[in-house]
Amino acid sequence: MKYIKVTNIKLNMNQTEQDAIAEAMRMARISKENLVDARIMKYSIDARKKPQVKKLFTVLLTAKKASAKGKNIQILEKLSKYEQEILGTKKLSHSPVVVGFGPAGMFCAYLLAKNGYRPVVIERGAKVEQRIQDVEQFWKFGTLKERSNVQFGEGGAGTFSDGKLNTGIKDKRNRIQFVLDTFVAFGAKENIAYDAKPHIGTDILCHVVRNMREEIISLGGSFLFDSTVTDFRIENNQITGVQINEKEWIDTSLCILAIGHSARDTFRRLYEKGIAMEQKPFAMGVRVEHLQKMMNRSQYGMEETSLGAAPYKVTYHTEKNRGVYSFCMCPGGYVVNASSQKGRLCINGMSYQKRDSQNANSAIVTTIQPEDFPSRHVLAGVEMQEALEEKTYQWCSGKIPVQRLEDFLKGQKTTAFGSVTPEMKGNYALADLNSLLPKEMEEAIKEAMTAFGNSIEGFDHPDTLLSAIESRTSSPVRILRDDSFQTNVVGIYPAGEGAGYAGGITSAAIDGMKIFEQISSEYCPFE
């Protein structure tokens, strides 16, 4: 067999994937009789000459024989894929414990189970089926369950987001493709495996998470839901057990901490136990909403298009050299109440798979450096988040505060919406966001919003909506680990976004994979 990679296939907007495959066969001179298989390897959109938008494809052909040459044709000897050889020889007396079933915990647990390590997954929240009901009830009635919400529960915080999977990390071992292919295998749409900006969608991701859980169980793993790790037993600088809900103890010598960036009680307990941590920069700001049709027109040159809801990305440095940028952009999405603590309010963005709401939204955030923290205490960033979330909750009595951009810039309360009305999950109220945010953050966002209008027409439209507070972009703490991925206590492996080593679903999943790789290089599976 021959593998032929055909790149830079340019098609018109109305052409399909089958047209791309046909063009690849023509370019590579592969006949139908010679063809064994064909699949899309990569898809992206070229909108540099809008409205003459082009689709760009890379296609992989498998043929009985091939001899075509050209700058866009490459004959591969073999296909690269993710592989991990199990070399560990140390025997385990107890199962590894994976704390948290977000992307990092999910992929670490999946690989551990797949290779015979029988992991025990401890998740403070509910199964995803129950979690969906809890979140919907919260959005509708405001009744918050502190263990089962947008931040906590099976699937992690990313479950109630857009399910974006693009990442900028370097990858020489095909881990990214493994993550994408795994999601497809458990129920995601096939196009995420090759789309340049893949996204699953909250509605689909919930099913994927459940399917992965069931597979882990079938492979010998087990789960404890509604179970918070409340203490760690450490003997001779080695983890020997974890406590659940201040009652039951589980013996283990390997504890993977995939706790997520909102596990503030766990951060505090780790600090008390002497686990080494440090302050880490993060970002905070607001969510902005624009009409999706306006964003389509700006990005693609047309309001209605078969290309789907247009995304965007903006960055800016203020005159005071403070960075402001878009984060977690949700085309055709919703702003959601993402609170996890009573008396505190934070928001996030979410899209369903179809991305078909009338608004585009994204976080517009500014970097918060440790020197901005209220003290040098390692948890000062957490305290800063909590204080601002509490202030935001009080601002509108627990409702999401919303303001038109024009009113924000003029320093006056919004009394009525204009051409943009909120697409939100959770109750909201008209407000004045001025003086809600720290002065430096407020000034930076005001300056940036005006500047962004120069790069995306309409971004600074007076009716653009701002809501607060976007405070959970990443962890303000990093749990320190050495070259073996362990903390200063042997057997504790910090992983993912909450530990300070990832930013998004894919990078967190890959960090979980790295923890598995380290464990499998030292320890052998159970017989």
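Applying the salt bridge (charged side-chain N to carboxylate O under 4.0 Å, His left out) test to every pair with at least one member in residues 286-306, sequence neighbours left out, gives these pairs: R287-E470, K293-E304, R297-E303. Legend: salt bridge (charged side-chain N to carboxylate O under 4.0 Å, His left out) pairs involving residues 34-44, not counting sequence neighbours: none detected. Within the structure, every pair that satisfies the salt bridge (charged side-chain N to carboxylate O under 4.0 Å, His left out) test and touches residues 204-221, not counting sequence neighbours, is listed here: E129-R213, E154-R213. Applying the salt bridge (charged side-chain N to carboxylate O under 4.0 Å, His left out) test to every pair with at least one member in residues 55-70, sequence neighbours left out, gives no pairs at all.
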Can you give me every donor-acceptor pair (side chain of residues 500-515, partner residue at least two apart or in another chain, under 3.5 Å) with its distance?
residue: Y501; atom: OH; partner: I479; partner atom: O; Å: 2.7
residue: Y501; atom: OH; partner: R481; partner atom: N; Å: 3.2
residue: T506; atom: OG1; partner: L165; partner atom: O; Å: 2.6
residue: S507; atom: OG; partner: G503; partner atom: N; Å: 2.9
residue: S507; atom: OG; partner: G503; partner atom: O; Å: 3.4
residue: S507; atom: OG; partner: G504; partner atom: O; Å: 3.3
residue: D511; atom: OD1; partner: R481; partner atom: NH2; Å: 2.8
residue: D511; atom: OD2; partner: R481; partner atom: NH1; Å: 3.1
residue: D511; atom: OD2; partner: G496; partner atom: N; Å: 2.8

Please set out all donor-acceptor pairs under 3.5 angstrom arising from side-chain atoms of residues 109-120, sequence neighbours excluded.
residue: N115; atom: ND2; partner: L111; partner atom: O; Å: 2.8
residue: Y117; atom: OH; partner: Y523; partner atom: O; Å: 2.6

Assess the residue pair Q133 and Q137 against the criterion (side chain to side chain donor-acceptor pair (under 3.5 Å)); give the C-alpha distance rounded to whole Å, side-chain angles, the decisive distance to 0.1 Å, and a yes or no. CA-CA 6 Å; Q133 296 179 33; Q137 288 293 303; over 6 Å; no
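A cation-pi arrangement is absent between K50 and Y300 under the rule of less than 6.0 angstrom and at most 45 degrees off the ring axis.
Checked against side-chain contact (heavy atoms from CB on, under 4.5 Å), Q177 has the following partners two or more places apart in sequence or in another chain: L180, D181, A193. In this structure K145 satisfies the side-chain hydrogen bond (donor to acceptor under 3.5 Å, both in side chains) test together with D134, sequence neighbours excluded. With sequence neighbours excluded, no residue forms a ring pair (Phe, Tyr, Trp, His ring centres under 6.0 Å) with H199. Residues passing the side-chain contact (heavy atoms from CB on, under 4.5 Å) test with A448 are Y316, V324, F452, sequence neighbours excluded. For D195, the side-chain contact (heavy atoms from CB on, under 4.5 Å) partners are Y43, N191, K197, P198, not counting sequence neighbours. With sequence neighbours excluded, the residues satisfying side-chain contact (heavy atoms from CB on, under 4.5 Å) with A157 are Q151.
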